[in-house]
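Working notes, structure below.
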Amino acid sequence: MSDNTFNPAGAWGFPKADPADHPEEPAHVRPEYLFNGELEKKGYHVEELANGFHWVTNSFYDAAFIETGEGVIAIDAPPNLGENMLAAIEEVTDAPVTHVVYSHWHSDHIGAASMFGNDVKIISHDITRDLLARWPDPLRPLPTETFSDEAVLDVGGVKLELSYKGENHCPGNIFINSPQHRVLTAIDIVSPGWSVFFHCDASENMTGWIDAHDQILEYDFDALISGHVTRYGTRDDVVAAREYVHNILDHSWDVLRETRGNELMVEAGPERRWTWAENEFNRLANEVTHRTLTQTTSNGQKWTERLAGASNMTKYHAWSIMESVRLHRTHDDYQRRGPAINKYIW
Ligand SMILES: [Zn+2]
């Protein structure tokens with residue numbers, strides 16, 4: 001594909017990444033199920049993480065279901081898995097799905113929920129229900145039961161602790177903890193072993209999203225269901241992801257504090273304000289990206305060695321986190337008079 005086909009917009013569009021510039025995914029994000037023909041044959045991989053608690057994945061999206069003895073609880077219904085999630089459930093039990101928990105309202109994680117039929121109870125946060133009521137979607141039936149802060153879903157003695165700690169990836173995104181299985185579900189915060197998808201997994205509140213890494217670590221769990229990508233997570237994965245996003249956050253603070261020049265505005269000219277803005281913000285994000293990817297991390301490796309896709313995705317996270325620092329967090333020098341020629345960013 002010529003670059004012109006990839007980017008007919010030219011200077012107005014995004015450049016194309018060259019595979020030669022980016023490392024292959026490290027072995028720790030390529031588990032055995034990717035190589036044993038399962039995905040080609042069935043379209044999914046299902047794995048029992050603890051007694052009756054099953055993880056389902058297609059190596060892009062994942063979800064979970066739990067056998068209770070009184071029916072199955074499904075957690076999420078990603079359309080990318082679609083009815084392969086039903087197939088996974090049918091592979092391990094004849095019991096019907098009686099309960100569905102929505103992690104959050106995003107279609108890419110619950111957009112296949114109508115496949116569970118009309119007789120299931122659907123549990124979510126209040127905000128998730130409000131959002132789905134505002135933008136109705138027959139593929140995402142309205143929750144039948146909601147909660148605001150904490151709730152326990154008890155089905156046949158299997159207890160799921162549901163908790164809302166405020167907006168992070170999106171409003172209404174909840175933590176779903178099963179102490180008896182030692183499995184925590186927290187979607188679109190961490191992608192175990194990976195740098196997450198663009199812009200912190202397209203999160204709406206980067207500050208809440210960064211905090212959510214600490215909130216995950218407050219739980220006592222062995223396995224984390226995270227929604228993406230190739231595997232479920234461990235505490236070590238969350239600790240690594242936390243270090244990575246805090247590196248980006250720290251570099252963002254530093255780079256913004258160091259910003260004093262207006263050369264790019266002079267270069268763009270007074271009548272090309274957004275040419276300056278594009279260059280200046282991209283320059284700052286590039287500097288944050290450079291510092292993040294060239295530093296040595298806590299285990300002696302670079303992030304490009306530790307997290308799959310870090311060389312592609314870090315610049316997008318840097319852009320979003322830097323912008324959240326500028327917009328969410330206070331800093332020096334708010335009160336001043338006189339020319340502000342050197343302080344356009346702040
Ligand atoms: Zn989401």
Side-chain angles (χ1 to χ4, degrees), residues 55-65 74-82 85 100-116 122-137 139-143 146-147 160 162-177 183-216 224-233 237-238 241-242 244-245 307-309 312-313 316-317 319-321 323-324:
W55 173 61
V56 193
T57 181
N58 66 2
S59 84
F60 286 98
Y61 276 84
D62 56 51
F65 65 90
I75 300 178
D76 284 350
N80 196 266
L81 271 169
M85 187 161 172
V100 181
V101 180
Y102 288 171
S103 64
H104 66 303
W105 80 295
H106 284 168
S107 181
D108 70 322
H109 287 275
I110 64 166
S114 62
M115 71 183 167
F116 295 120
I122 301 176
I123 300 92
S124 81
H125 190 264
D126 294 331
I127 293 172
T128 299
R129 191 185 190 288
D130 292 346
L131 290 163
L132 292 172
R134 185 174 172 192
W135 292 289
D137 176 4
L139 299 176
R140 286 175 284 173
L142 281 181
T146 64
F147 71 99
L160 294 185
L162 313 179
S163 177
Y164 185 57
K165 303 176 194 303
E167 180 185 9
N168 47 49
H169 166 65
C170 72
N173 193 27
I174 61 172
F175 296 79
I176 303 159
N177 187 37
V183 181
L184 176 69
T185 303
I187 301 296
D188 287 347
I189 309 296
V190 172
S191 290
W194 291 75
S195 173
V196 295
F197 199 64
F198 295 80
H199 297 287
C200 307
D201 250 344
S203 290
E204 293 179 46
N205 188 324
M206 303 309 156
T207 304
W209 180 82
I210 291 169
D211 286 353
H213 292 71
D214 292 297
Q215 291 158 351
I216 289 173
L224 174 76
I225 309 286
S226 66
H228 306 278
V229 182
T230 48
R231 59 177 177 80
Y232 62 86
D237 289 318
V238 182
R242 184 191 180 283
Y244 172 65
V245 300
L307 297 180
N312 300 97
M313 290 295 157
Y316 297 98
H317 309 325
W319 213 103
S320 292
I321 289 174
E323 188 67 345
S324 79

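One-based numbering, in listed order, for ligands and for the atoms of each. Values reported hereafter were calculated over all heavy atoms of this structure, with side chains retained and with hydrogens, waters and symmetry mates removed.
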For S226 and I189, run side chain to side chain contact (heavy atoms under 4.5 Å, CB included): C-alpha distance rounded to whole Å, both residues' side-chain angles, the deciding distance at 0.1 Å, then the answer.
CA-CA 7 Å; S226 66; I189 309 296; over 6 Å; no
Residues at least two apart in sequence or cross-chain that pass ring pair (Phe, Tyr, Trp, His ring centres under 6.0 Å) with F198, listed by chain then number, are Y316
Q | Geometric class of the H109/H104 ring pair [parallel <30°, tilted 30-60°, perpendicular >60°] | A | tilted
(Q) Are R231 and D237 packed together at the side-chain level, in the sense that at least one heavy-atom pair is separated by less than 4.5 angstrom? (A) yes
| message | Looking only at side-chain N and O atoms, does Y232 offer a donor or acceptor that is under 3.5 Å from a partner on D62? | response | no
Here the Zn ion (ligand 1) sees protein N, O or S atoms within less than 2.8 Å, and their number is 4
TODO: Take the angle between the ring planes of H125 and Y164 and call it parallel below 30°, perpendicular above 60°, tilted in between.
DONE: tilted
